[in-house]
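Accompanying notes for the structure given below.
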There are 2 protein chains.
Amino acid sequence: MRHDIRRKPATLSDVAATVGVAPMTVSRVISGNGYVSEETREKVLEAVKKLNYRRNGLARSLKRQQTDTVGLVIGDISNPFSTELANAVRKTLSARGYNLFICISEHSAKEDITALEALVDHNIDGIVVATRSNKEGDERLTEIANSGVPVVVVGRDFRHEAVDSISADNFKGGFEATQHLIDLGHKRIGFIGAAFEDRGRLKRLQGYISALGKHKISIDERLITGRRGSSTDTPGYSTEAIGYEGMKRLLSLPKPPTAVFARNDFTAVGAMSAAKEAGLAIPQDLAIVGFDDTPLALHTTPPLTTVRQPMRVQGQIAAEMLLRRISNKDESETEERVLDCELIIRESTVAQR
Amino acid sequence: MRHDIRRKPATLSDVAATVGVAPMTVSRVISGNGYVSEETREKVLEAVKKLNYRRNGLARSLKRQQTDTVGLVIGDISNPFSTELANAVRKTLSARGYNLFICISEHSAKEDITALEALVDHNIDGIVVATRSNKEGDERLTEIANSGVPVVVVGRDFRHEAVDSISADNFKGGFEATQHLIDLGHKRIGFIGAAFEDRGRLKRLQGYISALGKHKISIDERLITGRRGSSTDTPGYSTEAIGYEGMKRLLSLPKPPTAVFARNDFTAVGAMSAAKEAGLAIPQDLAIVGFDDTPLALHTTPPLTTVRQPMRVQGQIAAEMLLRRISNKDESETEERVLDCELIIRESTVAQR
DNA sequence: TGTTATCAAGTTAACGTTAACATATTCTTC
DNA sequence: GAAGAATATGTTAACGTTAACTTGATAACA
């Protein structure tokens with residue numbers, strides 16, 4: 001059998017002409033709406049098969065003014081929690097008959113915007129945005145929300161009267177991580193993964209600062225280290241290399257910290273390497289806490305104490321919020337939900353008995 | 001300023017009416033094609049701003065018969081190499097003005113098909129498929145390729161006269177991993193992550209078998225263990241849990257292996273845990289090789305010997321192949337490229353001096 | 001028997017763009 | 001100053017579908 005390659009695909013009218021009915025009749029057969037006699041239906045289906053007909057989604061969407069598709073913008077899919085988020089969103093949506101298109105914007109405002117535009121251009125029915133805040137991106141996002149596209153943000157600091165948001169309580173997570181170190185008796189606790197100036201935008205750092213404050217431990221800016229994010233672009237995601245460098249810097253201080261809270265697990269792992277290289281024993285000489293509970297955390301030596309955020313739940317709730325917005329266009333109350341994180345204590349802070 | 005929420009978005013004609021010109025003139029201003037006087041252009045742009053006009057991509061795509069968008073179907077975005085692949089594909093495409101929409105199909109033929117359909121429904125200009133082979137999915141993929149949609153497969157065993165393919169040389173990778181173990185003097189080498197019956201579809205396992213064969217080491221089926229994939233659905237991706245179980249099974253044999261080759265790093269890590277639990281020293285009592293060189297591999301204790309496949313390059317080449325197919329519709333030679341893997345020797349096979 | 005449902009189609013007019021062609025004006029150039 | 005080129009706009013007709021309306025049967029019912 002020869003292939004039909006490159007021939008123009010058949011349209012409703014082609015099918016209609018073959019059978020000898022009106023295009024609308026074929027449409028009725030395809031969509032299953034309206035009356036069609038059994039006889040006609042069969043003839044149509046036969047022709048559909050013969051012509052290899054497939055309905056043109058573009059035309060359909062244009063006419064129906066909806067695409068049954070939702071977009072998800074994430075920054076870095078390599079992050080395990082992005083995966084969990086995406087899967088949860090997809091699962092929830094697909095149960096309601098929606099498709100999910102994912103766009104990745106690798107940490108730059110420009111790509112963030114490109115992704116948003118691409119999705120809007122395809123008239124998706126709604127967008128879940130899970131990238132970090134940035135000025136230009138927020139502006140564009142505001143325009144999009146203004147124009148009536150349902151939007152939900154996940155873990156992004158963005159406010160708009162028609163945009164719901166969901167995030168983990170990073171402040172509390174950071175607070176509890178630090179509190180945990182304090183409870184273990186540490187007084188000099190470093191923070192790796194962001195600069196002190198970033199504290200306005202970084203909840204985890206705020207939690208750290210707040211916990212120290214609560215226990216009357218004065219903030220030593222030299223103990224807070226990391227590459228500073230520019231304000232117009234995304235604050236650089238903190239990597240293993242940054243953790244390594246940061247730890248080196250902390251260890252070179254006259255009075256190095258006895259514990260560090262790293263902004264995320266990657267950073268923590270980098271810090272761990274630097275500490276080991278310097279001959280420090282973990283957790284005896286240096287306690288380390290990470291954030292995110294990536295698969296990595298379980299396999300470091302020693303296993304990493306970290307903070308887990310409920311990504312699956314966030315994804316599910318985000319999808320549900322969006323579906324509500326989509327179906328219930330006039331809904332006006334914006335919802336803002338914050339979920340608790342969970343401190344997972346492993347051996348990088350507490351020595352095994 | 002009040003928002004324009006929920007009002008129907010302005011169209012070309014709305015803008016045209018405001019300015020007092022024909023819609024086509026506005027279209028010319030927007031697209032930048034054709035002659036428009038400076039004066040008119042300015043008036044139009046003003047109205048565009050005032051009405052918050054945004055061109056409807058759906059209508060445009062329908063008319064132009066192209067969407068400047070490419071779809072990527074991947075199985076599991078949590079896998080670090082999926083990330084690399086996606087990023088490389090995106091980068092290459094965006095340099096040529098194409099958007100990338102990613103669909104994930106979490107390891108089931110049904111979702112694989114759903115993803116393909118969703119993309120085809122949106123009339124994307126081409127598809128990169130990086131999911132594992134499965135019967136129904138392949139059938140659908142054949143239909144899609146037949147209908148003239150440019151398709152490129154990555155690491156998927158699929159053949160079609162109009163579909164290019166790119167993959168890593170998993171056979172050779174498996175061969176070299178096994179060869180490495182043999183070179184170290186091992187005679188009883190296990191394979192974890194697939195059943196012996198899967199060998200028809202699993203190149204890594206074939207490489208293992210071939211390497212043993214070359215060195216006149218007879219194949220002991222008891223040494224090959226893993227959950228068997230069904231033929232209609234995707235062979236289950238091998239996880240850490242499977243590695244753990246598999247290792248336990250191998251260790252319970254009367255004569256356990258002295259080395260194992262795991263189908264991927266996750267599986268290897270699971271196997272490692274089981275081995276440690278049994279009191280075995282790695283690599284002295286048991287040598288382990290993984291596959292994929294995930295970030296994990298560097299951080300296990302001891303660091304994992306593994307095989308790296310060049311995902312970035314695969315992604316780039318896949319995108320280039322696809323772009324060529326898209327722009328050069330009548331091209332007929334199908335291209336099939338296979339890239340070398342790289343064995344990365346770490347301490348899970350060779351003890352540190 | 002006439003009135004109303006129910007069923008099975010067909011017709012029309014969008015959805016919002018743009019390619020292709022047509023028309024009108026102005027500018028060159030010999 | 002006539003012929004052609006360049007510029008500036010308008011008109012028409014799709015792209016492929018479906019919502020809404022219309023028409024004509026046939027069946028159901030009082």
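Naming convention: chains lettered A, B, ... in sequence-line order (proteins, then strands); numbering from 1 in each chain.
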Give me the distances for all protein-to-nucleotides 26-28 of chain C N/O pairs that come in under 3.5 Å?
none

Tabulate protein N/O versus nucleotide N/O from nucleotides 4-7 of chain C, keeping only pairs under 3.5 Å, one per line.
| residue | atom | partner | partner atom | Å |
| --- | --- | --- | --- | --- |
| C:dC7 | OP2 | A:Y35 | OH | 2.6 |

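Rounded to a whole Å, the CE atom of B:M24 is 13 Å from the P atom of C:dC21. Here the P atom of nucleotide C:dT17 and the CD1 atom of B:I30 are 9 Å apart, to the nearest Å. Between B:H122 atom NE2 and D:dG16 atom P there is a gap of 17 Å when expressed in whole angstrom units. Rounded to whole angstrom, the span from the CZ atom of B:R28 across to the C1' atom of D:dA6 amounts to 14 Å. Distance CG (B:N33) to C1' (C:dT17): 13 Å, rounded to an integer number of Å. Put simply, CG on A:L12 is 13 Å from C1' on D:dC15, counting in whole angstrom units.
Shown for residues 55-66 of chain B: residues whose heavy atoms fall under 4.0 angstrom of DNA chain D, namely B:L62, B:K63, B:Q65.
Judged purely by atom type and a 3.5 angstrom limit, A:D112 has no side-chain atom pairing as donor or acceptor with the backbone of A:A109. A donor-acceptor contact shorter than 3.5 Å links the side chain of A:S327 to the backbone of A:L323. Listed for the A:D164 side chain is a donor-acceptor partner under 3.5 Å among the backbone atoms of A:E335.
Using modelled atom types and a 3.5 Å distance limit, the side chains of A:S133 and A:D138 yield a donor-acceptor pair. Between the side chains of A:Q66 and A:D68, a donor-acceptor pair is found at a separation under 3.5 Å. Between the side chains of A:H122 and A:T67, no donor-acceptor pair is found at a separation under 3.5 Å.
Using a 4.0 Å cut-off, some side-chain N or O of A:S27 falls inside it from OP1 or OP2 of D:dT18. A:T25 has a side-chain polar atom (N or O) that falls below the 4.0 Å cut-off from OP1 or OP2 of C:dG10. Taking 4.0 angstrom as the limit, B:S37 places a side-chain polar atom (N or O) nearer than this to OP1 or OP2 of D:dT9.
For the helix from C:dT1-D:dA30 to C:dC30-D:dG1, the axis fitted to the five pairs at one end and the axis fitted to the five pairs at the other end meet at an angle of 30° (nearest 10 degrees).
Residues forming a side chain to side chain donor-acceptor pair (under 3.5 Å) with B:S165 (at least two apart in sequence, or on another chain): none.
In this structure, A:R159 places its CZ atom where only 12 or fewer heavy-atom neighbours from other residues, nucleotides or ligands lie under 6.0 Å away. For A:R54, the CZ atom counts as densely surrounded, since its 6.0 Å shell holds more than 12 non-hydrogen atoms of other residues, nucleotides or ligands. Atom CD of B:E46 has 12 or fewer heavy atoms from other residues, nucleotides or ligands within 6.0 Å.
Looking at B:R54, its side chain has no donor and acceptor atom pair within 3.5 Å of the base of C:dG16.
Listed nucleotides D:dT17, D:dG16, D:dA20 differ in distance to A:S13; the shortest reach to its side chain belongs to D:dT17. The A:A22 side chain lies nearest to C:dT11 when the options are C:dT11, D:dG10, D:dT18.
When side chains are defined from C-beta on, A:R156 counts as touching A:N134, because their heavy atoms get closer than 4.5 Å. Between B:L116 and B:I127 the shortest side-chain heavy-atom distance falls below 4.5 Å.
Closest non-hydrogen pair, A:P9 versus A:D14, comes out as O-OD2, 4.2 Å.
Counting only residues at least two apart or in different chains, side-chain hydrogen bond (donor to acceptor under 3.5 Å, both in side chains) contacts with residues 35-45 of chain A comprise A:S37-A:T40.
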